[in-house]
Structures are given as C-alpha cells and as structure tokens.
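Each remark here refers to the structure printed beneath this line.
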Number of protein chains: 2
Amino acid sequence: MLWIKNLARISQTTSSSVGNVFRNPESYTLSSRFCTALQKQQVTDTVQAKEDVVNALEPQRYDGLAPTKEGEKPRVLVLGSGWAGCRVLKGIDTSIYDVVCVSPRNHMVFTPLLASTCVGTLEFRSVAEPISRIQPAISREPGSYYFLANCSKLDADNHEVHCETVTEGSSTLKPWKFKIAYDKLVLACGAEASTFGINGVLENAIFLREVHHAQEIRRKLLLNLMLSEVPGIGEDEKKRLLHCVVVGGGPTGVEFSGELSDFIMKDVRQRYSHVKDDIRVTLIEARDILSSFDDRLRHYAIKQLNKSGVKLVRGIVKEVKPQKLILDDGTEVPYGPLVWSTGVGPSSFVRSLDFPKDPGGRIGIDEWMRVPSVQDVFAIGDCSGYLESTGKSTLPALAQVAEREGKYLANLFNVMGKAGGGRANSAKEMELGEPFVYKHLGSMATIGRYKALVDLRESKEGKGISMAGFLSWFIWRSAYLTRVVSWRNRFYVAINWLTTFVFGRDISRI
Amino acid sequence: MLWIKNLARISQTTSSSVGNVFRNPESYTLSSRFCTALQKQQVTDTVQAKEDVVNALEPQRYDGLAPTKEGEKPRVLVLGSGWAGCRVLKGIDTSIYDVVCVSPRNHMVFTPLLASTCVGTLEFRSVAEPISRIQPAISREPGSYYFLANCSKLDADNHEVHCETVTEGSSTLKPWKFKIAYDKLVLACGAEASTFGINGVLENAIFLREVHHAQEIRRKLLLNLMLSEVPGIGEDEKKRLLHCVVVGGGPTGVEFSGELSDFIMKDVRQRYSHVKDDIRVTLIEARDILSSFDDRLRHYAIKQLNKSGVKLVRGIVKEVKPQKLILDDGTEVPYGPLVWSTGVGPSSFVRSLDFPKDPGGRIGIDEWMRVPSVQDVFAIGDCSGYLESTGKSTLPALAQVAEREGKYLANLFNVMGKAGGGRANSAKEMELGEPFVYKHLGSMATIGRYKALVDLRESKEGKGISMAGFLSWFIWRSAYLTRVVSWRNRFYVAINWLTTFVFGRDISRI
C-alpha cells in the first residue's frame with residue numbers, strides 16, 4: 001500500500017513534532033486537502049530516513065476529521081442511519097452546523113413497509129431512502145460527509161470517535177481506521193435482533209430489519225417454490241421447502257404473515273399451480289400475538305389470519321436446526337424459509353460503551369436526550385433509554401419514538417447553536433428549555449387481504465378510536481404513504497401498489 | 001434423505017422388473033403423482049429386504065418426466081431462457097404441445113436495456129421478464145413446467161436429457177438429478193462471455209450479461225464512490241477506486257460507458273461532490289469501437305464519448321491483476337470497477353456435445369434449425385450456427401437473430417403438430433416448408449447524453465438510413481419500449497425513465 005507509506009511521510013513533515021502528529025489538525029484533516037502529487041514527491045525524497053522512526057512510535061496513527069476551528073461551523077456527528085439518526089440529520093440547520101453521518105449503510109429503511117417487499121408487493125428500492133436525499137448538505141457542503149463505516153470506539157473525553165470502513169468480501173480492499181472529532185455526538189445506532197440465546201437462530205433464521213434481509217427472504221421463497229416443482233423431490237421435502245415459519249407475533253411478524261398469505265392466495269395459486277396446495281404459513285408466538293393492541297382488534301386479527309390459512313402456534317422455540325426447529329414441548333417443526341422477528345435488544349457496540357445504562361441495558365439518557373456523565377454526547381432511538389434517576393420508564397423501540405426524539409434533538413441543537421452553544425464544551429451551563437415528552441399517536445398493522453388494525457389510543461388502557469377492517473387498511477396505506485420521506489419513494493410506493501393490484505407480484509428471482 | 005430411500009422402495013414395487021425401472025413410466029413421472037404417505041408406509045414394510053439389491057443395481061436411477069403417451073400432448077423441451085428460448089416458448093401453440101423449460105434462471109433478461117440498470121437509469125426488475133409471464137401455460141397446464149436446473153447430459157438416441165437442479169450455497173439443500181423425455185428438443189442455451197484465455201479476467205472482471213452482473217457493477221460503483229470519500233484514503237488509491245474501466249468497444253461496452261458518463265455528469269456531481277473530479281471512465285478496445293456501424297456514425301460516437309469524458313484507449317489486454325490490468329505494450333491501468341464485454345463464444349455445455357459444429361464451434365444446424373445428425377433436436381440463438389454444408393455463414397450473436405429463429409421454430413413446431421408430426425420420431429419424412437431466412441433490421445446503440453446511433457441498413461455495405469443524435473436517441477427509446485415483452489415491464493421502463501429524469505438515479509446501496 002504505497003499511499004499509506006506516503007501519508008505517513010507527509011504527516012511527518014507537516015507536524016511540529018512526532019509526539020503531536022495526531023493532535024495537529026493539519027496532519028489529521030482529509031488527506032486530499034493537503035496532499036498533492038508534487039508534495040508527495042518532495043516528501044518522499046526528504047523524509048525517507050525518518051520513516052521507520054514514525055512507524056515505530058505511532059503504530060496506531062491514522063487520518064480523520066480534526067476538531068473544528070474558529071471560523072468553521074461546529075460539527076454534529078451522527079452514528080447510525082435509522083429513523084432516529086436520519087430525523088436528526090434532516091432537522092439540523094446546516095447554516096449553523098456541519099453534519100457528518102457514520103453508518104454501515106448509506107440509506108434509511110422505511111421499516112413499516114419492509115415486510116411488503118419480501119413478497120414483491122413493494123420493491124426494495126421504494127423503501128430505501130439515501131441519506132443524501134434526507135439531508136442534501138451531506139453531498140454539497142464541503143464540511144459535511146457521509147462515511148461508510150462502523151464506529152469501533154468512543155473517546156468522549158477527547159470528543160472523538162474511532163471508526164473503521166466497511167468494505168466488501170469481493171473487493172480487494174482492506175478496511176482501514178480513521179478518527180472523527182465532534183462538537184456534538186448523536187448515538188443513534190439502533191438495537192440488535194434478539195435471539196434469547198437460542199441455538200441456531202443466527203445461522204438458520206432470517207431477520208427482517210434490513211433491505212438485504214427482505215431480499216434474502218424473497219430469493220429463498222422463490223427458490224423453494226421452484227425447487228418444489230422439480231421431479232425427484234420427495235413429498236416430505238416438498239412440504240418442508242414450502243413451509244414458511246415466522247417466529248414472533250408482534251406487528252412485524254403478523255404483517256409479514258399477512259403479506260405471505262396474500263402472495264400465496266393471489267400469486268402462488270396463479271403462477272405455481274403445481275405446488276399451490278402444499279405451501280403453508282405458521283406463526284409461532286410464546287404469548288399473545290399483537291399484545292400491544294386492543295383485545296377486540298387482536299381477536300379480529302386472529303380470525304382473519306386463520307381465514308387466510310396462517311396457522312397460529314403458541315410455543316417457545318428451544319432450538320433451531322438447519323431444516324427444523326424444536327419447540328419446548330418437543331414438537332419438531334420442519335421449515336423452508338424461517339423469519340425471526342421477536343423484538344430487539346442492545347447491540348454489542350452499546351454493551352461495550354462505558355456509560356450508565358437504563359434497566360434494559362440501553363444507553364442511559366436524561367429527558368434532554370443527553371448522556372449525563374459526559375459532555376456533548378446524546379443518544380436517541382432504540383439504543384437509548386431513560387436513566388432510572390429520571391423517574392421515567394424507557395420508551396418502546398418504535399419508529400415513531402425514534403423519529404420524535406430525532407426531531408426534538410435537531411431542534412435542541414439548532415437552539416443551542418443559535419445561542420452560541422454549538423461548539424464542544426460550550427453548552428455546559430446552558431438552559432436547555434423544555435424536556436422531551438413523548439405522546440403516542442397509536443399503532444397500526446396490516447393483516448393481509450386488504451385488512452388492517454388501527455389503534456389510536458395513547459395506551460392500552462386509554463380511550464380513543466380502535467378499529468379494524470378495510471377502512472383501517474385504507475388508513476394504514478394512506479398514513480404510511482404520507483410518511484414516506486421523499487417524493488420519489490412516495491411515487492414508487494404508490495406505483496408498486498398499483499402494479500401489484502393490476503399485474504400481480506413479480507416472481508423473477510434476481 | 002429419507003425420501004430418496006422411500007422413492008427407491010416405491011419404484012421397486014411398481015416396476016415390473018428391476019432392469020426396467022427407468023423405462024417404466026409409472027416409476028418415472030413426478031413422484032407426487034403416485035406417492036402418498038399411505039403407500040409409503042405399506043411399501044416401507046414390504047420391500048425393506050430388497051432395498052440393498054436395488055441400490056446395488058441402480059446407483060444412477062432417478063426421477064423425471066416419462067415419455068409422453070398416446071392421449072397426452074407431445075412435449076417440447078426448451079433448454080435456456082434467453083431471447084431464443086423464450087421466443088419459442090411464447091410462440092408454441094399450447095393446445096397442441098406441452099412445454100417444459102429448463103434453465104438456471106426463471107426469467108429472461110431484456111439485454112439491450114441491461115447496461116442502463118448498472119447505474120440506476122432503469123431498475124433491475126424492469127428488464128427481467130419471468131418465463132411464466134412469457135408463456136403462462138407453464139404455470140397453468142398440468143403437463144407444462146419450468147424447472148430451475150442445468151442440463152448435464154443429452155441422450156438424443158433415447159430422446160431424453162439429464163438435468164441437475166440449481167440450489168444455493170446458503171440453502172441446506174443438495175442438488176439432485178432427474179431426466180426429462182422429450183418429443184422435440186430445443187437447444188437455446190446461449191453462449192459464454194469470451195475471455196480469450198487472458199489470465200485474471202474471470203476472477204477480477206465483471207461481465208454484463210445477467211441481472212446479477214448489473215447488480216454487482218452497481219454495488220461496486222457505489223461502494224467505491226463512498227469509500228473514496230472516507231478519510232485516510234490515499235490519492236492514488238482514490239483515483240484507482242474511481243477509475244471505471246470497460247474492455248470491449250462493441251454496443252454493450254459503448255452503451256455502458258455512455259450510461260456511466262451520464263451518471264457521473266448528472267448524479268455523481270450532485271451527490272458525491274467531494275470526489276466528483278476524480279472519477280473517470282476508460283474504454284479499451286483492440287480495434288475500432290462499434291465496428292459493425294457506419295464510419296460516419298462511429299466517428300460521431302467517438303466525438304460524443306470524448307465530450308462526455310470517456311477516454312478511448314486502443315490496446316490489447318494481456319493480463320488482469322486484482323487492482324490493475326496490463327496492456328500488451330506494458331502499460332499498467334489501475335481500475336476500480338472493471339467491466340468485460342468482448343463478445344461471446346461457445347459454452348462448455350455446447351463444447352461437450354457430440355454434434356457436428358459450425359466453423360466457430362457452435363452447434364451445427366441446417367436451415368430449418370435442425371441438428372441433422374439426430375431426430376427431433378433443434379438449436380437456435382447464440383449456441384447454434386449454420387453447418388458448412390448449408391453454404392451459409394453463421395448469423396451474428398444478436399438478440400434479433402435469436403428472437404427471429406425462436407419465432408420461426410415455434411411456427412414450424414405448430415405446423416408439424418397440426419400435421420401429426422409432434423410426437424418423437426414422427427416427423428422424419430415430413431415436408432418442413434420454407435427454410436429460415438434472416439433479414440437484418442438494423443442496429444442501434446445509445447452513447448449517453450440523450451444521443452444514439454441508428455443504422456437501418458441490412459449490412460455495412462447496403463443502402464438505407466443511418467443517423468445519429470437526439471432523434472436517434474428518441475427512436476432508440478421508443479423502439480425498445482415497444483419491444484419489451486410484458487405490459488408490466490413496459491410500464492416500469494417508462495416510469496423509471498421518467499423518475500430518472502425528474503429525481504435523478506437512486507444511490508441506495510442495497
């Protein structure tokens with residue numbers, strides 16, 4: 001890697017002393033700002049002798065974004081590109097701040113519609129929103145960036161994070177490390193799917209949280225449909241391939257089951273008539289499905305799912321083997337595609353952070369989204385929860401919570417920035433105004449066959465409208481269509497719904 | 001694999017003698033037609049003792065589709081799902097024939113528009129047409145099938161082919177073998193991309209023939225754009241990542257280069273402003289680009305490509321290393337994404353067939369698309385070429401040739417079927433009517449920036465219209481829009497073009 005050597009040499013000449021290499025902003029900003037071919041040549045000639053000394057002294061030295069200086073805008077660094085991270089990015093006033101986003105994916109996933117993409121009701125790209133479309137400053141402003149990377153370490157005392165790029169197996173590029181100094185840091189890195197320590201889940205089940213999960217489910221479903229038609233397959237094996245099992249009866253699991261049964265009733269019957277009678281859907285849940293909904297709605301959902309041919313099984317999964325899962329009563333359930341949606345828990349990155357946590361292991365925050373033990377660090381979305389000292393219980397891991405927190409925080413930053421508190425360590429004594437208050441707007445879930453549940457009460461005990469059926473389904477679609485971030489995707493979601501209705505779902509396995 | 005054992009046992013009981021197992025249609029049709037759980041149980045009990053004998057005698061025995069019987073429709077088996085195979089499938093009268101298609105992909109790729117999908121001008125699914133949409137009988141008729149499989153052996157004397165299923169690495173399923181007996185066989189299995197034996201092409205370059213190739217190119221392009229923005233990357237490495245190299249100056253290579261330069265000028269400039277000046281496109285061709293076109297058009301194309309910033313290099317690639325390729329004059333060309341489109345040659349399956357070949361190594365055919373040395377075997381598209389004995393030279397490997405041959409052959413089959421010659425060995429003495437005559441309708445190629453070439457002459461020396469520019473581009477788009485097979489995809493191609501114009505290309509890396 002010639003360029004690594006070159007950089008080492010260049011940094012050496014521009015630094016005042018070897019010991020200060022990383023602290024010196026000049027050696028630490030984007031190499032493109034100071035490194036030219038000419039310089040490189042000069043440097044190569046002059047510092048050849050010192051190279052070994054530098055390498056020996058600083059094996060960990062690497063590039064990054066230096067702390068902002070007077071005259072530059074303060075920098076907000078957002079880790080993550082989910083609902084929370086993207087909402088804060090969107091809301092920040094980029095005339096006050098530069099924004100930098102670090103995330104292993106360059107888009108936000110519109111999760112409420114992700115289940116629809118697994119069977120082709122919607123297309124994958126219709127539910128993926130590039131970050132630069134959400135916050136255009138990222139591609140325009142010289143000090144705003146999106147970096148394809150993971151955060152590996154957080155150094156709150158020095159106001160900097162350590163990151164590592166995400167490259168790809170097929171690429172010949174090795175990942176490299178870099179640092180980013182921040183004025184404000186937003187931890188919005190989300191949660192991980194829970195496996196409850198059950199053996200074989202990670203290896204055999206597919207989660208439903210990212211676009212690539214939906215792609216995998218769709219490819220597997222179509223593969224199994226095709227293989228089950230091929231001569232030479234046994235009846236048992238065919239039944240297994242065509243047995244779609246969903247574990248987890250929350251909104252995601254139920255919506256996916258509903259989409260699957262729609263796909264089976266409309267498209268599989270038409271396009272795979274040779275095997276249409278062998279395909280089945282089973283939904284396994286340890287307790288009640290859709291437990292956050294009104295009992296009346298829950299019973300309606302159960303009735304509808306039964307009508308659609310979805311078999312509801314109450315059971316606890318004990319182990320997942322490559323072609324079958326074992327319930328705690330010993331029942332063996334052979335499966336083809338297996339989708340796992342049993343909720344989320346703290347990610348390994350969150351667990352590794354040395355901050356006080358909430359009772360569930362999330363990053364502990366106060367009512368202004370601050371991590372109180374350090375300066376200028378905030379946490380929102382699924383990765384954070386109220387500290388016990390706030391006297392509040394942690395909010396559920398929902399898109400609407402994350403989005404509302406992101407909106408609140410962006411506004412808080414803008415107020416702070418206007419009052420001169422944008423820079424690192426400059427808002428210590430600042431009055432932050434009203435704390436965040438969450439007001440639940442209600443829950444919705446589709447259950448297939450043009451039916452949905454809409455529960456507009458603030459809590460399960462509260463009063464308000466709760467309804468189910470076709471009208472709810474229409475409200476569900478309309479509501480989400482208006483929530484889609486960009487006009488491009490709003491247009492495509494509507495077009496996808498139209499073509500699914502007119503032409504059916506596409507079964508090309510690409 | 002319990003079901004394999006069970007099948008072995010069942011076949012044993014239904015066969016008249018062990019030696020006749022495979023010939024007996026009852027043991028040989030789809031297992032679902034005769035194998036029930038009840039039978040299985042009875043059989044398991046009765047034939048346990050004979051099992052070892054069967055296994056020893058018949059290690060190769062497997063299931064499949066038996067020869068058609070009186071009262072059943074004759075069966076046309078099509079190997080491949082490209083332009084030729086799909087056109088013959090589409091044209092066959094399914095009231096006369098059952099159709100079976102065997103192919104490793106369940107869709108046809110609309111290849112003239114594939115280059116547009118690499119940068120997001122069109123979406124992948126808009127250019128993929130499921131076989132069952134082209135010939136609906138495949139999903140409706142009890143005797144018509146699509147099988148996800150490759151053909152491993154052709155036994156023309158016995159009118160049967162041996163196939164093996166295509167499963168997936170991630171799946172836990174092992175591929176299995178089966179046989180299909182045919183009345184008419186159509187070899188339409190296409191050609192392979194040529195590498196001319198150059199080292200490193202297969203490992204490092206991406207072809208542009210399938211949807212997954214286009215997906216790989218798009219993912220790699222977006223990955224490299226993002227990585228080149230990350231701090232810590234050297235100038236040389238950044239330049240390499242952003243150097244898109246295309247080898248091969250035929251229509252595919254030129255169209256892809258044009259699409260790339262459109263993407264760079266419109267979308268990269270807007271969305272990746274930090275690195276927009278570092279991205280470059282180089283097109284390497286050993287001879288003249290677009291050699292099949294009129295000289296005037298070629299010069300126009302060269303001028304336009306130069307204007308768009310595409311660097312044309314005349315050279316022969318000697319070797320492809322992981323991050324750079326070497327030309328025969330010793331020049332080293334570092335590359336990020338490398339696309340290889342230097343034409344096609346016979347596939348390994350075609351080379352393995354023991355038929356007389358045309359001078360280029362393709363399956364030799366006469367003017368009725370027959371493989372003359374055997375009965376009821378036909379070959380069309382890129383895998384076939386005229387035998388020298390016909391006195392004709394092989395037609396070029398073009399979509400329009402393949403499609404025309406498919407149409408001709410479907411019509412020939414329909415005429416034969418109506419005259420009672422549909423069954424195997426029943427058309428030996430039949431008068432086949434007019435031989436196939438190919439009339440070239442002209443060539444078209446886009447070159448980016450709303451410009452295209454249209455050459456409507458029958459040959460390079462012939463007379464007729466040849467034009468270039470915006471009007472040609474409009475003709476190009478209109479012509480292909482009308483050629484798209486299904487209304488669904490025609491609609492989506494138009495919608496994709498519209499949204500690309502209005503919103504730009506999508507850069508979500510999914």
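These numbers were taken from a predicted model, which means no experiment stands behind them. First the proteins, then the strands, lettered A, B, ... as listed; each starts at 1.
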- Query: Would a distance-only check, ignoring hydrogens and angles, find a side-chain to backbone donor-acceptor pair under 3.5 Å from B:S273 to B:Q270?
  - Reply: no
- Task: Sort out for me which of A:G120, A:A149, A:S132, A:S139 touches chain B most, counting heavy-atom pairs under 4.5 Å.
- Result: A:S139
- Message: As an exercise, state the distance from CZ of B:R140 to NE2 of A:H274, rounded to the nearest 0.5 Å.
- Response: 11.5 Å
- Item | Interchain contact, B:V166 with chain A, by part (heavy-atom threshold 4.5 Å) | backbone
- Note on the structure: In terms of heavy-atom pairs under 4.5 Å with chain B, the winner among A:T165, A:D278, A:I507 is A:I507
- Select one option (side chain, backbone, both, neither) describing which atoms of A:L222 are under 4.5 Å from chain B's heavy atoms. neither
- Query: Under a 4.5 Å heavy-atom cut-off, does chain A meet the side chain of B:A128, its backbone, both or neither?
  - Reply: both
- Task: Take B:Y492 and B:E123 through the side-chain contact (heavy atoms from CB on, under 4.5 Å) test and state the conclusion after the steps.
- Result: CA-CA 8 Å; B:Y492 267 110; B:E123 280 313 321; over 6 Å; no
- Note on the structure: So, the part of B:Y146 with a heavy atom under 4.5 Å from chain A: the answer is both
- Looking at B:Q215, B:R125, B:H212, B:E129, which one has more heavy-atom pairs under 4.5 Å with chain A than the rest? B:R125
- Task: Measure B:I138 against the heavy atoms of chain A and call it side chain, backbone, both or neither at under 4.5 Å.
- Result: backbone
- Task: Evaluate whether atom NZ of B:K321 has more than 12 neighbouring non-hydrogen atoms of other residues, nucleotides or ligands under 6.0 angstrom away.
- Result: no
- Between B:N496 and B:S126, the two heavy atoms sitting closest are OD1-OG, 2.6 Å
- Query: Any donor-acceptor pair under 3.5 Å linking the side chain of B:R488 with the backbone of A:V502?
  - Reply: no
- Is there a side-chain contact (heavy atoms from CB on, under 4.5 Å) between A:V230 and B:F178 once you walk through the steps? CA-CA 8 Å; A:V230 176; B:F178 59 96; 3.3 Å; yes
- Query: Under a 4.5 Å heavy-atom cut-off, does chain A meet the side chain of B:T500, its backbone, both or neither?
  - Reply: neither
- Message: Closer than 3.5 angstrom, by distance alone: can the side chain of A:K324 be matched with the main-chain N or O of A:R240 as a donor-acceptor pair?
- Response: no
- What part of A:F503 gets closer than 4.5 Å to chain B, counting heavy atoms only: side chain, backbone, both or neither? side chain
- When rounded to the nearest 0.5 angstrom, what is the spacing between CG in B:L65 and NZ in B:K179? 12.5 Å
- Item | Those residues that, when tested against B:E164, pass salt bridge (charged side-chain N to carboxylate O under 4.0 Å, His left out) (two or more places apart) | none
- Tell me the residues of residues 102-109 of chain B whose non-hydrogen atoms fall below 4.5 Å from those of chain A, in number order. B:N106, B:H107
- Message: For a side-chain contact (heavy atoms from CB on, under 4.5 Å) check, start with the C-alpha distance between B:L223 and A:L148, then their side-chain angles and the critical distance, and finish with the verdict.
- Response: CA-CA 8 Å; B:L223 177 71; A:L148 182 76; 3.4 Å; yes
